[in-house]
Amino acid sequence: MVRTRFAPSPTGYLHIGGVRTALFNWLFARKHGGQFILRIDDTDEARNVDSALAPILHGFRWLGIDWDEGAEVGGPHGPYYQSQKLPRYREVVRQLVQRGAAYWDYATPEELKAEREAAEKEKRSWLYSRRWMAQNETARRRFEAEGRKGVVRLLMPREGACEFVDHIRGQMKIDWASEQDHVIQRADGTVLYNLANVVDDFDMKITHVIRAQEHLSNTPRQLFMIDALGYPRPEYAHLPFVAEPGSSNKLSKRKLDAYLKNADFKKVHERAVAIAQAIGLKTAADTFNPVIVDFYEQVGYLPQAIINYLLLLGWSLDDKTEIFTRQQMLDAFTLERVNKSPASFDVKKLSAFQERYMMALPLEEKIERVTPFLVKAGLVGDPVPRDTIAQIVAAAGERLKIAGDILDYADFFTPDEALPLDEKIFDKRLRKPPGARELLRACRDALAEATAFDAASLEQLLQSFVQTKGVELGDIVHALRVAVTGKGVGFGLFETLAILGKERCLSRIDRALQRS
RNA sequence: GGCCCCGUCGUCUAGAGGCCUAGGACACAGCCCUUUCACGGCUGCGACACGGGUUCGAAUCCCGUCGGGGUCACCA
C-alpha cells in the first residue's frame with residue numbers, strides 16, 4: 001500500500017510551490033491506489049494553529065486535493081499534529097540514546113561557537129569535537145552539577161557513506177564525515193524537525209517521501225535515525241523547487257515587489273487587483289499575491305487550470321500533451337519523468353491554461369462562477385437577474401478569461417444616467433467625426449421604430465439603415481457602442497443592444513447626444 | 001568556503017549516439033479574419049553554457065571549466 005504525505009506548517013497561506021509538492025504526492029498515491037496524508041508540522045508551537053491552518057485546508061479542498069487521513073479528518077495513525085506528539089518523540093529520543101545512536105551533550109552555545117570559529121580560522125571543515133558529550137549517567141550528573149543544560153545529539157558515523165536511491169536523482173552517496181552531530185532534542189526538552197519527521201513517517205506508515213529538494217541534505221541524518229531505530233526505509237523523491245519568474249531563485253512570497261517588475265507578472269497582478277477592488281477585497285501583498293493559491297480563487301480562476309499548469313511545472317509526459325483530465329494525470333504520472341532542474345513560475349502560462357479551461361466551460365457553469373462577482377460588486381441584487389447574466393455570458397464568449405472578467409460588463413447593470421463615459425473614445429467617435437451626431441440621431445429614430453429587438457433583427461435594421469444613408473456599417477457602429485456602453489470595446493454591438501433593450505438603448509443614446 | 005544538486009529558445013519542455021539543418025507549448029512580432037475587443041488561422045523570431053576528449057557520427061557518453069541553486073541552526 002502506497003502512502004504519501006504532505007506536511008505544511010500552519011503559516012496562514014498556501015504557497016504555490018507547496019501545492020505542486022502536494023499535488024505530486026497526491027497523484028502518486030492515487031495512481032497506485034494508495035493514501036495521501038495531510039499532517040501538520042506545528043512543532044514550533046505556533047499559537048492560533050486553527051486560523052493559520054484554515055486557509056491551507058481550504059486551498060487544498062478548492063483544488064480538489066483530498067486527503068485520507070490527517071488534519072480535520074483524523075485517521076488510525078494520529079495524532080496528525082506534531083504539537084500533540086511530544087511524549088512520543090521523547091520516547092524515541094530515549095531509544096536512540098539507549099541504542100548508542102544519540103548522546104546527551106552539554107556544550108554551551110558559546111563553546112560551540114568558539115570551536116567552529118577556530119576551525120574556520122584554520123580553514124578546515126568543522127565537526128563537533130564531542131568534548132562535552134556525556135559518556136554515561138555519572139558524566140551527565142557532573143555536567144548538570146555545573147549548571148549546564150543538556151541537548152541530545154545524534155552520534156553520527158564519521159567514516160563511510162550514506163547511500164540511497166532517489167527516484168528523481170538516481171543513486172545518491174554522501175560521506176558521513178560531512179554530517180554534523182545534529183541536535184534532535186533541545187535543552188528545553190522539545191524536539192527538532194528531523195526527529196519528528198522520522199517518527200511521524202514511521203508512525204503513519206509513509207512509504208514514499210516526495211518532498212522539495214531543500215530536504216535532500218536532511219536525508220542522510222534521517223536515514224541514520226531510521227536505520228538505528230530499525231524502521232523500514234521509505235523511498236525518496238526530491239523535487240526541484242519552483243523558481244521565481246525569470247530567475248533560478250526559489251519562489252518566495254516576500255518578493256512580490258521584485259516580481260512585479262516582470263511585465264507578464266505585473267499584467268496578471270494588475271488585472272486581479274482591479275477585480276479585487278471592484279468586489280471590495282484587500283490587496284495587501286501578504287494575502288493578495290500570485291504566489292498564494294487564494295489569489296486565484298478570489299479573482300475567479302478555475303482550480304483545474306491551476307492543477308494542470310502545476311502538473312507541467314517540472315513534469316511532462318511527452319513532447320506535446322498539455323491538457324490533462326484528473327484521470328489522465330493519474331494514468332500518466334510517474335516520478336521518473338519529473339525533471340531534475342528547477343522550473344520557474346510563469347504566471348502568463350498559467351493564464352493560458354486558465355483561458356483554455358474557461359473556454360471549454362459550459363455556459364451554465366460560467367454563469368455559476370460569474371454571478372458571485374456581480375453580487376459582491378453590488379451590481380445585481382436579489383433576485384439575481386439570471387437571464388440577463390446568461391445573455392451577457394453568452395455574448396461575451398471567449399472574452400471571459402477569468403470569472404472576475406464579468407465586471408468588464410458592469411455597464412449593463414449601471415443606471416443609464418450613471419453610465420461612465422470614456423471621454424477619449426467619446427471624442428473620437430462622436431464629437432470629432434463630422435456628421436457623427438446627426439447620423440446617431442437618425443439611427444436613434446430608426447431604433448425607436450424597431451418592432452423586434454433581438455440581435456438578428458437589429459443587425460438587419462442597421463444594415464438597411466446604413467444602406468439608405470449611403471454609409472458603411474463601421475460609421476455608425478462605433479458611435480453607437482460608445483453611446484450605449486460608454487466604452488470603445490466590448491462584444492458584438494447587436495447583442496449589446498439586444499441585452500440592454502430598446503428603452504435603455506434610447507435613453508443612453510439621448511444622453512450621449514446631449515453630452516456630445 | 002565545505003558538501004550536494006542542476007545547466008536545451010525569454011519561459012515550460014521533447015530529446016536515453018545517427019529519426020535533430022533540435023520538435024511542441026506559452027510569450028513576443030507581422031499578416032489574415034473582423035463593427036471594436038477577444039477568439040481563430042498563417043508566418044516569423046528564438047536554444048543544446050564553454051573547452052577538451054571517446055566515436056565514422058554527440059544535445060545525448062567521459063573529463064575539465066564556467067554559471068546558477070540548495071544546504072551547512074537548540075528553523076521547518
Side-chain angles (χ1 to χ4, degrees), chain A residues 7-9 11 41-44 82 105 107-109 112 116 119-120 123-126 149-153 166 168-169 172-175 177-180 182-194 196-197 212-220 238 240-241 243 245-250 262-264 309 312-323 337 339-353 355-356 359 396-401 405 408 425 429 459 462 466 472-482 485 487-494 496:
Chain A
S9 298
T11 51
D41 263 15
D42 58 348
T43 38
D44 249 4
Q82 292 191 333
D105 183 68
T108 63
L112 251 17
R116 192 180 318 121
E120 270 168 28
K123 297 207 161 153
R124 63 184 159 80
S125 60
W126 177 68
K149 292 265 194 207
V151 300
V152 178
R153 286 181 184 277
D166 186 286
I168 295 167
R169 280 154 222 285
M172 301 294 302
K173 186 175 176 187
I174 291 143
D175 287 341
S178 64
E179 284 284 316
Q180 210 58 251
H182 303 281
V183 173
I184 53 174
Q185 181 177 307
R186 297 184 180 95
D188 67 2
T190 59
V191 301
L192 271 346
Y193 168 77
N194 280 297
N197 198 275
Q213 173 203 314
E214 62 214 79
H215 291 287
L216 193 55
S217 57
N218 286 330
T219 310
H238 288 94
F241 56 86
S247 125
S248 49
N249 293 319
K250 203 168 109 184
N262 173 297
D264 293 339
Y309 170 71
L312 262 13
L313 196 60
W315 178 87
S316 68
L317 173 63
D318 54 29
D319 60 341
K320 37 185 73 74
T321 316
E322 292 225 304
I323 297 292
R337 285 200 65 83
N339 265 289
K340 289 186 179 67
S341 47
S344 39
F345 180 63
D346 181 354
V347 77
K348 208 67 199 282
K349 182 126 185 176
L350 192 168
S351 301
F353 278 99
E355 286 166 28
R356 290 172 76 166
M359 277 183 208
E398 316 203 311
R399 293 165 185 81
L400 286 178
K401 298 186 166 153
D405 284 342
D408 282 347
I425 301 292
R429 300 298 190 188
E459 178 166 12
L462 283 168
V466 294
E472 296 296 316
L473 192 61
D475 294 331
I476 186 64
V477 158
H478 300 291
L480 212 40
R481 181 189 302 283
V482 70
T485 68
K487 293 182 189 160
V489 299
F491 48 71
L493 178 69
F494 311 123
T496 303

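By convention in this document, chain letters (A, B, ...) are assigned in the order of the sequence lines, proteins followed by strands, and residues within each chain are numbered from 1. Just so you know, these numbers come straight off a predicted model, no measurement behind them. What's counted below: heavy atoms across the whole structure, side chains too, no hydrogens, waters or symmetry copies.
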Inset, instruction - Would you check if A/Arg481 and A/Arg429 make a side-chain contact, meaning some heavy-atom pair closer than 4.5 Å? - result: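 Counting from C-beta outward, A/Arg481 and A/Arg429 never come under 4.5 Å.
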Legend entry - Base of B/C5 paired with side chain of A/Arg169 (donor-acceptor, under 3.5 Å):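 There is none.
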Inset, instruction - Look at all strands and tell whether A/Leu192 reaches a base, only sugar-phosphate, or nothing, counting heavy atoms closer than 4.0 Å. - result: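 Sugar-phosphate, backbone atoms only, no base.
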Inset, instruction - Classify the nucleic acid contact of A/Phe241 as base, sugar-phosphate or nothing, counting any heavy atom under 4.0 Å across all strands shown. - result: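 Contact class for A/Phe241: sugar-phosphate only.
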Inset, instruction - Examine B/C37: is either OP1 or OP2 under 4.0 Å from a nitrogen or oxygen in the side chain of A/Arg481? Give yes or no. - result: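 So the side-chain polar atoms of A/Arg481 never come under 4.0 Å of the phosphate oxygens OP1 or OP2 of B/C37.
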Legend entry - Partner nucleotide of B/G7 by Watson-Crick or wobble geometry (both distances under 3.5 Å):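 Across any shown strand, B/G7 pairs with B/C66.
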Inset, instruction - Round to a whole Å and report the spacing from CD of A/Glu214 to P of B/C75. - result: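 The answer, rounded to whole Å, is 17 Å.
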Legend entry - Spacing between A/Phe491 atom CZ and B/U36 atom P, to the nearest angstrom: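 Roughly 16 Å, once rounded to whole Å.
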Legend entry - Donor-acceptor pair present, A/Lys349 side chain and B/A27 base, under 3.5 Å: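 Result: no qualifying N/O pair found.
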Legend entry - Minimum-distance nucleotide to A/Met172 side chain [options: B/C74, B/C5, B/A38]: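 Looking only at side-chain atoms, A/Met172 lies closest to B/C5.
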Inset, instruction - Choose from B/C12, B/A76, B/G70 the nucleotide whose nearest atom is closest to any side-chain atom of A/Asn194. - result: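 Of the candidates, B/A76 comes closest.
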Inset, instruction - Would you mind classifying the nucleic acid contact of A/Arg337 as base, sugar-phosphate or nothing, using non-hydrogen atoms under 4.0 angstrom? - result: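 Sugar-phosphate only.
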Legend entry - Flag side-chain contact, heavy atom, 4.5 Å: A/Leu216 against A/Asp166: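 A/Leu216 reaches A/Asp166 side chain to side chain.
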Inset, instruction - Working to the nearest 0.5 Å, report the span between CG of A/Leu313 and CG of A/Asp346. - result: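 Answer rounded to 0.5 Å: 9.0 Å.
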Inset, instruction - Answer yes or no: does a side-chain N or O of A/Ser316 lie under 4.0 Å from OP1 or OP2 of B/A14? - result: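 Yes.
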Inset, instruction - Please check if the side chain of A/Tyr309 supplies one atom and the backbone of A/Phe345 the other of a donor-acceptor pair under 3.5 Å. - result: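 Flag not set: sc A/Tyr309 to bb A/Phe345 has no pair under 3.5 Å.
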Legend entry - Closest to side chain of A/Asn249, choosing from B/G69, B/C74, B/C6: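 Selected nucleotide (nearest to the side chain): B/G69.
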Inset, instruction - Indicate, with a heavy-atom threshold strictly under 4.0 Å, whether A/Ala343 touches base, sugar-phosphate, or nothing. - result: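 Since only primed, P, OP1 and OP2 atoms lie under 4.0 Å of A/Ala343, the category is sugar-phosphate.
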Legend entry - Gap in Å between the two P atoms, one belonging to B/A38 and one to B/A27, rounded: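 One P to the other, the span is 13 Å.
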Inset, instruction - Measure the distance from CZ on A/Phe353 to P on B/A27 and round it to the nearest whole Å. - result: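 So the two atoms are 11 Å apart, to the nearest Å.
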Inset, instruction - Using only side-chain N and O atoms of A/Ser344, determine if any of them is under 4.0 Å from OP1 or OP2 of B/C12. - result: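 For A/Ser344, the contact criterion (side-chain N or O under 4.0 Å from OP1 or OP2 of B/C12) is met.
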Inset, instruction - Using a heavy-atom cut-off of under 4.0 Å over every strand shown, decide if A/Asn197 touches base, sugar-phosphate, or nothing. - result: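 Contact class for A/Asn197: none.
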Legend entry - Proximal nucleotide (of B/C37, B/C4, B/G69) relative to the A/Gln213 side chain: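 In terms of side-chain proximity for A/Gln213, the closest of B/C37, B/C4, B/G69 is B/G69.
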Legend entry - Sugar-phosphate, base or nothing in reach of A/Lys401, heavy atoms under 4.0 Å: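 Counting heavy atoms under 4.0 Å across all strands, the contact made by A/Lys401 is with sugar-phosphate only.
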Legend entry - N/O donor-acceptor pair, side chain A/Asn218 with base B/A76, under 3.5 angstrom: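 Such a pair is found, so the answer is yes.
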Inset, instruction - Compute the ring centroids of A/His182 and A/Tyr193, then answer whether they are less than 6.0 Å apart. - result: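 Between A/Tyr193 and A/His182, which both carry aromatic rings, the centre distance is not below 6.0 Å.
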Inset, instruction - Look through every strand shown and name the nucleotide pairing with B/A58 as Watson-Crick or G-U wobble, where both distances are under 3.5 Å. - result: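 Per the H-bond distance test, none.
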Inset, instruction - Report the nucleotide, chosen from B/C75, B/A14, B/U35, that has the shortest atom-to-atom distance to any side-chain atom of A/Asn339. - result: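 Among B/C75, B/A14, B/U35, the one nearest the side chain of A/Asn339 is B/A14.
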Legend entry - Interatomic distance at P, B/U43 relative to B/C26, whole Å: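 Each nucleotide's P atom is 14 Å from the other's.
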Legend entry - Contact under 4.0 Å: A/Arg356 side-chain N or O vs B/C26 OP1/OP2: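 For B/C26, OP1/OP2 do not have a side-chain N/O of A/Arg356 under 4.0 Å.
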Legend entry - Integer angstrom distance from the C1' of B/C48 to that of B/G15: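 Each nucleotide's C1' atom is 10 Å from the other's.
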Legend entry - Interatomic distance at C1', B/C20 relative to B/U8, whole Å: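 Between the two C1' atoms, the distance is 12 Å.
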Inset, instruction - Have a look at A/Val151 and say if it touches a base, only the backbone sugar-phosphate, or nothing, with a 4.0 Å heavy-atom cut-off. - result: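 Base contact.
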Legend entry - Check: A/Leu192 and A/Arg186 side chains under 4.5 Å, non-hydrogen atoms: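 A/Arg186 vs A/Leu192: side chains touch.
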Legend entry - Integer-rounded Å distance: B/C3 P and A/Ile174 CD1: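 Whole-Å distance recorded here is 12 Å.
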Inset, instruction - Please report, rounded to the nearest Å, how far the P atom of B/C3 is from the CH2 atom of A/Trp126. - result: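 So the two atoms are 18 Å apart, to the nearest Å.
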Legend entry - Among B/C74, B/G10, B/C5, the nucleotide that comes nearest once only the side chain of A/Asp346 is considered: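 Between B/C74, B/G10, B/C5, the one nearest the side chain of A/Asp346 would be B/G10.
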Legend entry - Same-atom distance (P) from B/A22 to B/C31, integer angstrom: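 These two P atoms come out 27 Å apart once rounded.
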Legend entry - Rounded distance in Å - CZ (A/Phe494) to C1' (B/U34):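 Rounded to the whole Å, the gap is 12 Å.
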Inset, instruction - Would you mind pulling out the nucleotide paired to B/A14, Watson-Crick or G-U wobble, both distances under 3.5 Å? - result: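 B/A14 is unpaired by these criteria.
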Legend entry - For B/U36, the Watson-Crick or wobble partner whose two distances fall under 3.5 Å: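 Pair assignment: B/U36 / none.
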Legend entry - 5′-ward residue of the pair A/Glu322/A/Phe345 relative to RNA chain B: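 Nearest-nucleotide comparison on RNA chain B picks A/Phe345.
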Inset, instruction - Let me see the working for A/Thr219 and A/Met172 under side-chain contact (heavy atoms from CB on, under 4.5 Å), right down to the final yes or no. - result: CA-CA 10 Å; A/Thr219 310; A/Met172 301 294 302; over 6 Å; no
Inset, instruction - By nearest nucleotide on RNA chain B, pick out whichever of A/Glu355 and A/His215 is the more 5' one. - result: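 The residue closer to the strand's 5' end, by nearest nucleotide, is A/Glu355.
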Inset, instruction - Any strand is fair game: report the nucleotide pairing with B/C28 by Watson-Crick or G-U wobble, both distances under 3.5 Å, or none. - result: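 Its partner is B/G44 (Watson-Crick or G-U wobble, both distances under 3.5 Å).
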Legend entry - Euclidean distance for C1', B/C42 against B/C63 (whole angstrom):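 The answer is 47 Å between these two C1' atoms.
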Inset, instruction - For nucleotides B/C72 and B/A14, find the distance between their P atoms and express it as a whole number of Å. - result: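 Per the computed distance, 30 Å lies between those P atoms.
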Legend entry - Side-chain heavy-atom pair A/Lys340, A/Pro240 within 4.5 angstrom cut-off: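 Heavy-atom side-chain distance check fails, nothing below 4.5 Å.
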Inset, instruction - Find out whether A/His238 and A/Ile168 are in side-chain contact, i.e. whether some heavy atom of one side chain is under 4.5 Å from a heavy atom of the other. - result: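 Contact flag for A/His238/A/Ile168 side chains = no.
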Inset, instruction - Write down the partner of B/G2 under the Watson-Crick or G-U wobble criteria, each distance required to be under 3.5 Å. - result: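 Across any shown strand, B/G2 pairs with B/U71.
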Inset, instruction - Would you indicate what A/Gly492 reaches in the nucleic acid, counting non-hydrogen atoms under 4.0 angstrom: base, sugar-phosphate, or nothing? - result: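 Result for A/Gly492 = base.
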Legend entry - Distance, rounded to the nearest Å, where A/Arg116 contributes CZ and B/G1 contributes P: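 To the nearest whole Å, that distance equals 19 Å.
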Inset, instruction - Could you work out the separation of B/G67 and B/C61 based on their P atoms and round it to a whole Å? - result: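 Pairwise P distance, B/G67 against B/C61, rounds to 23 Å.
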Inset, instruction - Would you mind reading off the distance between A/Leu317 atom CG and B/A14 atom C1', rounded to a whole angstrom? - result: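 Taking CG of A/Leu317 and C1' of B/A14, I get 11 Å after rounding.
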Inset, instruction - Taking only the side-chain heavy atoms of A/Ala187 (C-beta and beyond), determine which of B/G7, B/C74, B/A27 contains the nearest atom. - result: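 Minimum distance to the A/Ala187 side chain belongs to B/C74.
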